[in-house]
Amino acid sequence: MADLLDLSSDTYFMGEALRQARKAESQDEVPIGAVIVRNAEIIARAWNQVEILKDATAHAEMLAITQAESVVDDWRLDDCDLYVTKEPCPMCAGAIVHARLRRLIYGCPDPKTGGAGGMINLLQMPPLNHHCDITRGVREIECRELLQRFFRAKR
């Protein structure tokens, strides 16, 4: 029964990340959204803002991590889970390790540049002092279609 509950909450929280991704899309940003959950409650919500902020590091994951650290008043997020619509890049994967997030749940994979198993898996590298559990493919079709629609419109 616990697995069913986890699956349904993963589906729900990924839906909240998708809402953030749609905000990014409405601002002509790459539609990626993220939420951070602690004790079954969302403590941070963010979407890509690279173009708006003119900041290459303003990925949804980075903004959500900063927000969550402020909420918990600590840089350690070891009792928090990150939901993001697309597999994080290596920069974001590095931040996930440094912030010591407990778990990463993502929608669609990024085989070319993904940092959580696509191109490289920084979240579970043996020499690092923190390893993060990964759940892949939650609401994958919706997450992928949102990105594909965005990039099709750009071409």
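This is a predicted model, so every value here is computed, not measured.
In the hydrophobic clustering of ILVMFWY residues, with side-chain heavy atoms under 4.5 Å counting as a link, L101 and L122 come out together. L63 and M91 fall into different hydrophobic clusters, where Ile, Leu, Val, Met, Phe, Trp and Tyr side chains are chained together by heavy-atom contacts under 4.5 Å. Residues V138 and V84 do not share a hydrophobic cluster, defined by chaining ILVMFWY side chains whose heavy atoms lie under 4.5 Å apart. Note: the hydrophobic cluster containing I36 also contains I134 (ILVMFWY, side chain heavy atoms under 4.5 Å, direct or indirect links). Linking Ile, Leu, Val, Met, Phe, Trp and Tyr whenever their side-chain heavy atoms come within less than 4.5 Å leaves F150 and I52 in two separate clusters.
Panel note: side chain Q124, backbone C132; a donor-acceptor pair is recorded below 3.5 Å. With hydrogens and angles disregarded, no donor-acceptor distance shorter than 3.5 Å links the side chain of H59 to the backbone of V50. Between the side chain of T85 and the backbone N or O of G33 there is at least one donor-acceptor pair closer than 3.5 Å. Formation of a donor-acceptor pair under 3.5 Å by the E87 side chain with backbone atoms of D110 is found in this model. A donor-acceptor pair is defined here as one N or O able to donate and one able to accept, closer than 3.5 Å; no such pair exists between the side chain of S70 and the backbone of T66.
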Go through the steps to decide whether C92 and M62 satisfy the test side-chain contact (heavy atoms from CB on, under 4.5 Å), and finish with yes or no. CA-CA 6 Å; C92 293; M62 301 293 281; 3.7 Å; yes

With side-chain contact (heavy atoms from CB on, under 4.5 Å) as the test, would you mind laying out the steps for V30 and F151 before giving the verdict? CA-CA 8 Å; V30 175; F151 286 112; 3.9 Å; yes

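Across all their heavy atoms, G117 and R136 have their closest contact at CA-NH2, 4.1 Å. Between V35 and Q20 the shortest heavy-atom distance is CG1-CG, 4.3 Å. Of all heavy-atom pairs between A46 and A60, the closest is CB-O, 3.4 Å. The shortest non-hydrogen separation linking D81 to R103 is OD1-CB, 3.1 Å. Across all non-hydrogen atoms, the minimal contact from W75 to R100 is CH2-NH1, 3.3 Å. Of all heavy-atom pairs spanning H130 and I96, the tightest one is CD2-O, 4.5 Å.
Side-chain atoms of E69 and D74, non-hydrogen and from C-beta on, never get closer than 4.5 Å to each other. Using a 4.5 Å heavy-atom threshold, the side chains of P90 and M119 count as touching. Looking at heavy atoms from C-beta onward, I43 lies out of side-chain contact with V37 at the 4.5 angstrom threshold. Side-chain atoms of P31 and R149, non-hydrogen and from C-beta on, never get closer than 4.5 Å to each other.
Ion pair R76/D78 not flagged as a salt bridge, since none of the NZ, NE, NH1 or NH2 atoms sits closer than 4.0 Å to an Asp/Glu carboxylate oxygen. Ion pairing between R22 and E25 fails under the 4.0 Å rule for side-chain N and carboxylate O. Using a 4.0 Å cut-off between a side-chain N of Lys or Arg and a carboxylate O of Asp or Glu, R38 and D79 qualify as a salt bridge.
Rounding to the nearest 0.5 Å gives a distance of 12.5 Å between CZ of R139 and CZ of F13. Between atom OG1 of residue T11 and atom CD of residue E142 there is a gap of 9.0 Å, rounded to the nearest 0.5 Å. Between atom CD of residue E29 and atom CH2 of residue W47 there is a gap of 6.5 Å, rounded to the nearest 0.5 Å. Interatomic distance, CD of E61 versus CG of L104, reported as 8.0 Å (0.5 Å rounding). The distance from atom CG of N48 to atom CG of D28, rounded to the nearest 0.5 Å, is 12.0 Å. Note that CG of L146 and SG of C108 are 8.5 Å apart. Values are rounded to the nearest 0.5 Å.
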